[in-house]
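Worksheet: one structure, shown below.
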Amino acid sequence: MDTAAARWDTGAERPPGEPRIDPLLADRVTEALLLAGLPVGYGGHGPGVQLRPARPYDDSDDCAGLIALHWEPGPRLAAAAAMEQPERPAAAARRIVGSTMRNALVEFLPAFGIEVVAGRLGGETRVGRAGGPAPATGQDASVPAPTGAGPQDLGIGADVVHAVRRAAALAGLPVADHPDAPGIALTPCRPVDDGDDTTGVADLRWNPSRRLAAAAEGDTPAAERAARARTAVQDAMRHAFGAALGACGLDLQWRRPAALPYQLRAYGPAEQPPIRR
């Protein structure tokens, strides 16, 4: 896969003296983001992760070649936030989406051998260098595309599916077509007890790319590294997109059934979304 097109700018089109980023580091970061199943803002345009040259905090900050990671939400939320005061709903939603997604990057990119430093208060989230080995993966063409039933075929309510997709579009996140596809996957929600009615409710989780999922199968050292990266992505992204979708108007709730993993339940649209229909 050619990841060079995903760089925001390596300096070829910038005026002399403007900051640049290391193209090899940009390729390494972009590849990790694609393996995680995240969209990348190609050419500096969202939605998704954008790679930009790090800018110095002050004269003593030597950040030449470092990459600053930004998250661009969907165009509708970006446009609405740009027209509002900072305390208004759309602007607040954009801040929450951006900060939670950057936090997720800080959490899972080290599993791909990439050093990430959380920004100072109000500052940038930076990639310093690629240190450890990256998980070994094949090409997308060598991994069979997953197939399966769609969310509504599994008994998830149409209003829930629509609300998840709408909130995800505002946040700039992909939604999986079925439970094994990359992105936010919707699966039927198991009840906690006899009085827990979960009819039509979705349990949300994150699926990385099919290349990373395939590389994690097996008991070789390479498969173990890929499995650790997959788990890091799934855990970081589930917490991040839960906060992001909640900020974008989805009614969510965490539940912990006895002897079962945590559930992130989606019930439908929230009463007060950041953007009205």
Side-chain angles (χ1 to χ4, degrees), residues 33 35-39 47-49 71 73-74 77 93-94 96-105 107-108 146-193 196-210 212-213 216 229-275:
L33 296 172
L35 286 172
L38 283 172
V49 184
W71 180 267
L77 179 60
R94 179 172 185 169
I96 293 171
V97 170
S99 63
T100 57
M101 293 307 303
R102 290 195 302 272
N103 288 342
L105 301 179
E107 291 180 22
F108 77 70
T147 59
Q152 290 179 243
D153 298 326
L154 299 174
I156 298 171
D159 58 332
V160 174
V161 176
H162 177 74
V164 171
R165 288 176 174 163
R166 183 176 187 274
L170 291 176
L173 288 163
V175 177
D177 295 330
H178 51 82
D180 295 321
I184 300 171
L186 292 75
T187 57
C189 192
R190 298 177 62 177
V192 174
D193 50 44
D196 184 24
D197 184 7
T198 60
T199 303
V201 177
D203 183 14
L204 306 182
R205 55 184 171 84
W206 182 264
N207 289 336
S209 71
R210 52 195 175 101
L212 183 59
R230 178 184 61 183
T231 299
V233 169
Q234 290 172 327
D235 290 347
M237 283 302 301
R238 199 180 194 202
H239 285 92
F241 80 68
L245 296 188
C248 289
L250 186 64
D251 184 7
L252 290 164
Q253 184 181 42
W254 285 97
R255 292 295 298 270
R256 176 64 187 270
L260 291 174
Y262 280 101
Q263 296 176 344
L264 178 55
R265 296 184 174 186
Y267 292 94
E271 293 183 1
Q272 295 182 331
I275 299 177

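What you see below is based on every heavy atom in this structure, not just the backbone, and it leaves out hydrogens, waters and symmetry mates. Residues: numbered from 1 along the sequence shown.
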Check whether any side-chain heavy atom of [X] sits under 4.5 Å from a side-chain heavy atom of [Y], and report yes or no.
| X | Y | result |
| --- | --- | --- |
| Met101 | Leu38 | yes |
| Leu264 | Phe241 | yes |
| Leu250 | Leu204 | yes |
| Pro269 | Arg166 | no |
| Leu173 | Met237 | yes |
| Thr198 | Val192 | no |
| Pro174 | Pro39 | yes |
| Val201 | Val160 | no |

How long is the gap from [atom1] on [X] to [atom2] on [Y], to the nearest 0.5 Å?
| X | Y | atom1 | atom2 | result |
| --- | --- | --- | --- | --- |
| Thr231 | Gln234 | OG1 | CD | 5.5 Å |
| Asn207 | Leu212 | CG | CG | 10.5 Å |
| Asp177 | Asp180 | CG | CG | 11.5 Å |
| Gln152 | Asp159 | CD | CG | 9.0 Å |

Q.
One pair to check against side-chain contact (heavy atoms from CB on, under 4.5 Å): Leu77 and Ile275. What are the steps and the verdict?
A. CA-CA 8 Å; Leu77 179 60; Ile275 299 177; 4.1 Å; yes

Q: Please identify each residue that fulfils salt bridge (Lys or Arg N to Asp or Glu O under 4.0 Å) with Asp203, with sequence neighbours left out.
A: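 Partners of Asp203 by the salt bridge (Lys or Arg N to Asp or Glu O under 4.0 Å) criterion, ordered by chain and then number, come out as Arg238.
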
Determine the minimum heavy-atom distance between [X] and [Y], stating which atoms define it.
| X | Y | answer |
| --- | --- | --- |
| Gly37 | Trp206 | O-CZ2, 3.4 Å |
| Ala176 | Ala181 | CB-O, 3.3 Å |
| Arg230 | Ala213 | NH1-O, 4.0 Å |
| Leu154 | Pro179 | CD1-CG, 3.4 Å |
| Ala247 | Pro274 | O-CG, 3.3 Å |
| Val233 | Pro208 | CG1-CB, 4.3 Å |

Q) For residues 251-262, which residue pairs qualify under side-chain hydrogen bond (donor to acceptor under 3.5 Å, both in side chains), counting only residues two or more places apart or in two chains? A)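 side-chain hydrogen bond (donor to acceptor under 3.5 Å, both in side chains) check on residues 251-262 returns Gln253-Tyr267.
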
Q | Main-chain N/O of Thr100 paired to Trp71 side chain as donor or acceptor, under 3.5 Å | A |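 Not at all, since once roles are kept as given, no pair shorter than 3.5 Å links the two residues.
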
Q.
Please evaluate residues Leu186 and Val175 with respect to the criterion side-chain contact (heavy atoms from CB on, under 4.5 Å), reporting the C-alpha separation (whole Å), side-chain torsions for both, the decisive distance (0.1 Å), and the verdict.
A. CA-CA 8 Å; Leu186 292 75; Val175 177; 3.7 Å; yes

Q: Using the side-chain contact (heavy atoms from CB on, under 4.5 Å) rule, take Ile156 and Val164 through it: C-alpha gap first, then chi angles, then the decisive distance, then the call.
A: CA-CA 11 Å; Ile156 298 171; Val164 171; over 6 Å; no

